[in-house]
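Shown next, in structure tokens, is the structure this report addresses.
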Amino acid sequence: MKEEIAALKRNQTWELVPKLRDVEPISCKWVYKIKRRTDGLIERHKARLVARGFSQQYGLDYDETFSPVAKLTTVRVLLALAANKDWDLRQMDVKNAFLHGELDREIYMNQPMGFQSQGHPKYVCKLRKALYGLKQAPRAWYGKIAEFLTQSGYSITPADSSLFVKANGGKLAIVLAYVDDLIITGDDVEEIC
């Protein structure tokens, strides 16, 4: 839990502010998971702070929800293309992906249980960045990864908004986003490594 709080602080996920009279902050909870190795032994215990987004109100706390999930047909075609062309195929899991998304609304959350400020116990967290559990967290993450890839020269394909292609001097690099997992392939070895 301390590791998770430290990561949230490093990321500047929120700032503590006095509770506004007309604002009802959303609550949060801790979710625990045991990560196991392939042989079944415990690798580590993981704790994640999750906003209880079910209490958010449409039109007030969020407008749209969206998760960057590639179409299954796109995944199949990309894998077939990589196999046919004998391209390297890489997979990447983005750690704490949703925490990178920036919010377009003011959202207030209660302080996490067990980590309330000693100096300001009545303050609330004004979220600066998305947190797992928020309705708009997947959309905010997609906005961040799409912005990064387009600034890096990739184009979003019209057929699938999760598919990004970069053509550079006759070479091709392709990135497919599936929530917080990326599939990367192409014949531009320098770009995909």
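Quick note: numbers below take in every heavy atom, side chains included, and nothing from hydrogens, waters or symmetry partners.
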Are more than 12 heavy atoms from other residues, nucleotides or ligands located less than 6.0 Å from atom CD of Q91?
-> yes

Answer yes or no: are there more than 12 heavy-atom neighbours, outside R76 itself, under 6.0 Å from its atom CZ?
-> no

For residues [X] and [Y], determine if any side-chain heavy atom of one lies less than 4.5 Å from a side-chain heavy atom of the other.
{"X": "T74", "Y": "S162", "answer": "no"}
{"X": "L131", "Y": "L99", "answer": "yes"}
{"X": "L49", "Y": "M109", "answer": "yes"}
{"X": "K129", "Y": "N11", "answer": "yes"}
{"X": "S155", "Y": "T150", "answer": "no"}
{"X": "L134", "Y": "L127", "answer": "yes"}
{"X": "V124", "Y": "K19", "answer": "yes"}

Pairs flagged by ring-ring contact (aromatic ring centres under 6.0 Å, His included) wherever residues 9-35 is involved - sequence neighbours left out = W30-F115

Go through C125 and L16 one step at a time and tell me if the side-chain contact (heavy atoms from CB on, under 4.5 Å) criterion holds.
-> CA-CA 5 Å; C125 302; L16 285 179; 3.9 Å; yes

Using modelled atom types and a 3.5 Å cut-off, is there a donor and acceptor pairing between side-chain atoms of [X] and backbone atoms of [Y]?
{"X": "E43", "Y": "K35", "value": "no"}
{"X": "Q111", "Y": "H120", "value": "yes"}
{"X": "Y178", "Y": "V75", "value": "no"}

Check salt bridge (Lys or Arg N to Asp or Glu O under 4.0 Å) between E24 and all other residues, then give those that pass, not counting sequence neighbours.
-> none

With R128, which residues qualify under salt bridge (Lys or Arg N to Asp or Glu O under 4.0 Å), at least two apart?
-> E15

Ignoring hydrogens and angles, write down the donor-acceptor pairs under 3.5 Å from the side chains of residues 163-176, residues two or more places apart or on other chains.
| unit_1 | atom_1 | unit_2 | atom_2 | d |
| --- | --- | --- | --- | --- |
| K166 | NZ | S152 | O | 2.9 |
| K166 | NZ | E191 | OE1 | 3.2 |

Can you name the nearest heavy-atom pair linking D180 to A97, along with the distance?
-> CB-CB, 3.4 Å

Report the C-alpha distance between I107 and Q136 in whole Å, list the side-chain angles of each, state the deciding distance to 0.1 Å, and finish with yes or no for side-chain contact (heavy atoms from CB on, under 4.5 Å).
-> CA-CA 11 Å; I107 298 178; Q136 64 268 49; 2.8 Å; yes

Hey, what else clusters with V77 if you join Ile, Leu, Val, Met, Phe, Trp, Tyr whenever side-chain heavy atoms sit under 4.5 Å?
-> none

Identify, with sequence neighbours excluded, every residue that meets side chain to side chain donor-acceptor pair (under 3.5 Å) alongside R37.
-> D39

Do the ring planes of Y132 and F98 sit parallel (below 30°), tilted (30 to 60°) or perpendicular (above 60°)?
-> parallel

Would you check, one step at a time, whether the test side-chain contact (heavy atoms from CB on, under 4.5 Å) holds for W87 with I192?
-> CA-CA 10 Å; W87 289 343; I192 66 171; over 6 Å; no

